Amino acid sequence: NPRWENSAGDTLGAYTNVNLVTPIWDAPATGPVDHYEYSFQSPIAGWSAPEPFYTTSIPDQSFYGGGDSGTEGVWQFRVRTVSASGLTSDWAVAPTITYDKTLPGLPVHEFPADNSFINYNNFWFEWTDATDAVSYETQYSQNPAVDVNGAFQNVQWSGDYQNIQPSSSNAHSVGANGTWYWQVRAVDVAGNKSAWTSPWKVTIDMSTPTLPTSSMTQDSDNASVLNGGQTNSQYFTFTLASSPDTVRYQLKYWNDIPASPYKLLAPWNPSDLSGYSPVLGTYKDNFTQGDGVHYFAFSACDLAGNCSAY
């Protein structure tokens, strides 16, 4: 039963990144054994005459041969018993093992974009496929600080939303509101791991800004115009206020002027009033549609795209 083990006595599979492995086999159940012969070879290219290794062994006890640091590639060994009279058994051949110490490629972040704001929490973190990767490890933190290895110092979550590390180049998230940093590394079949990627930042914001307040003044004398009031000034200014994270205001405007196209069900509806605002929270314009009753309704929006009602 020839096989490979590491220094901890764990049986190794078909791949390893351990640079010192040990061939091991069990003593035969019957028959006197004086010593064993075994040999290594890499790459596998058909057995040549073995270079025998001799040792003494007590029957029925396992024998640990010397380790071999080797070079990267596919390795194999075989072993046979030798009796005191020189009779040899058939060769017992161990499964091949591939020694791989080369790190997989570094993934590249794709989504969400660095420094992005999103208004939903059910999405997939995505990155490019890395060379030789068979799985990935992801981790997340609300603190961007990393250690000397580039890994987060304060990991708050890892893997997908179930804490399962992904086997493909994405991880499902249902993260909480707030600013998060994320990074990923690739893992190959031998257990080698790439460096951690540099963290990217994403802000999950599912909170809607408050309904904006508004006050109107007429530009002719800066007098206030109350809701439902009247003015004879062509030009006017609205002052708007909402949540601190508001970055833009929207408008729905309509009137009761028969010749105007802007009506309640078909209003003028600019989604960003910054072109009419010397500063955020100010809307300056004039009555281009003529005399009549004019209606203004405002909505506040944040960086994540959340917008209040009008």
Side-chain angles (χ1 to χ4, degrees), residues 106-130 133 135-146 150-187 194 196-214 240-253 265-277 280-281 283 297-310:
L106 187 69
V108 177
H109 293 196
E110 291 188 327
F111 181 86
D114 194 18
N115 296 309
S116 60
F117 287 77
I118 56 178
N119 58 8
Y120 49 90
N121 71 341
N122 192 340
F123 64 94
W124 294 79
F125 287 98
E126 298 177 359
W127 54 90
T128 60
D129 292 336
S135 64
Y136 298 89
E137 294 179 353
T138 60
Q139 55 188 24
Y140 315 90
S141 177
Q142 292 188 289
N143 185 339
V146 296
F152 288 134
Q153 294 180 3
N154 180 30
V155 176
Q156 294 172 257
W157 197 265
S158 59
D160 64 9
Y161 73 103
Q162 296 177 306
N163 270 151
I164 299 172
Q165 294 291 9
S167 59
S168 57
S169 53
N170 52 40
H172 193 191
S173 172
V174 288
N177 262 13
T179 297
W180 292 88
Y181 301 85
W182 64 287
Q183 60 181 180
V184 59
R185 67 180 175 183
V187 183
S194 73
W196 286 104
T197 55
S198 296
W200 273 19
K201 174 184 175 183
V202 58
T203 299
I204 301 172
D205 178 5
M206 297 182 291
S207 300
T208 300
T210 58
L211 190 71
T213 60
S214 62
L240 309 170
S242 182
S243 304
D245 62 345
T246 298
V247 295
R248 62 183 173 90
Y249 289 93
Q250 305 182 112
L251 168 66
K252 284 186 179 180
Y253 162 79
L265 299 180
W268 181 51
N269 188 202
S271 60
D272 187 351
L273 291 177
S274 59
Y276 302 86
S277 307
L280 181 66
Y283 166 53
F298 298 95
S299 166
C301 302
D302 62 23
L303 275 174
N306 300 299
C307 294
S308 72
Y310 285 89

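Just so we're clear, the structure is a prediction, and the values are computed from it rather than from any experiment.
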Identified side chain to side chain contact (heavy atoms under 4.5 Å, CB included) partner of S173 from the options W124, W180, Y161, F123: F123
For D129, which residues count as a side-chain hydrogen bond (donor to acceptor under 3.5 Å, both in side chains) partner, sequence neighbours excluded? S169
Determine, step by step, whether Q165 and S135 satisfy the side-chain contact (heavy atoms from CB on, under 4.5 Å) criterion, reporting the C-alpha distance in whole Å, the side-chain angles of both residues, the deciding distance to 0.1 Å, and the verdict. CA-CA 8 Å; Q165 294 291 9; S135 64; over 6 Å; no
Got a donor-acceptor contact below 3.5 angstrom from the S243 side chain to the D245 backbone? no
Is the closest side-chain heavy-atom distance between S141 and V155 below 4.5 Å? no
Measure across Q156 and N143 and return the closest heavy-atom pair with its distance rounded to 0.1 Å. OE1-N, 4.1 Å
Heavy atoms of A300 and Y249 approach each other most closely as CB-CE2, 3.8 Å
Apply salt bridge (charged side-chain N to carboxylate O under 4.0 Å, His left out) to R185 and list each qualifying residue two or more places apart in sequence or on a separate chain. E137
Side-chain donor/acceptor of N177 to backbone N/O of M206, under 3.5 Å: yes
Which side-chain N or O atoms in residues 106-120 pair as donor and acceptor under 3.5 Å with protein atoms at least two apart or in another chain?
{"residue": "H109", "atom": "NE2", "partner": "T197", "partner atom": "OG1", "Å": "2.6"}
{"residue": "D114", "atom": "OD1", "partner": "K201", "partner atom": "N", "Å": "2.7"}
{"residue": "S116", "atom": "OG", "partner": "A113", "partner atom": "O", "Å": "2.7"}
{"residue": "N119", "atom": "ND2", "partner": "A304", "partner atom": "O", "Å": "3.3"}

Any donor-acceptor pair under 3.5 Å linking the side chain of S299 with the backbone of C307? no
N269: what forms a side-chain hydrogen bond (donor to acceptor under 3.5 Å, both in side chains) with it, not counting sequence neighbours? Y310
Would you say Y140's side chain and G159's backbone share a donor-acceptor pair under 3.5 angstrom? yes
Of all heavy-atom pairs linking D272 and R248, the shortest is OD1-CB, 3.7 Å
Least distance between heavy atoms, Y136 atom then V184 atom: CB-CG2, 4.1 Å
Do side-chain atoms of N163 reach the backbone of S158 as a donor and acceptor pair under 3.5 angstrom? yes
Donor-acceptor pair, Q139 side chain versus A151 backbone, under 3.5 Å? no
Are D205 and T203 close enough that a side-chain donor and a side-chain acceptor fall under 3.5 Å? no
Looking only at non-hydrogen atoms, find the nearest pair between S308 and T208 and report the distance. CA-CG2, 3.4 Å
On the 0 to 90° scale, with breaks at 30° and 60°, tag the W127-W182 ring pair as parallel, tilted or perpendicular. tilted
Minimal heavy-atom distance between P209 and S242, with the atoms involved, is CB-OG, 3.8 Å
Using the test side chain to side chain contact (heavy atoms under 4.5 Å, CB included), find all partners of W268 that sit at least two apart in sequence or belong to another chain. L251, Y253, Y262, P270, Y276, Y283, D285
Has the side chain of D160 got a donor or acceptor atom that lies under 3.5 Å from a matching backbone atom of A171? no
Just by modelled atom types, is the S198 backbone N or O under 3.5 Å from a matching donor or acceptor in the Q183 side chain? no
Which residues share a side-chain hydrogen bond (donor to acceptor under 3.5 Å, both in side chains) with D302, sequence neighbours left out: N306
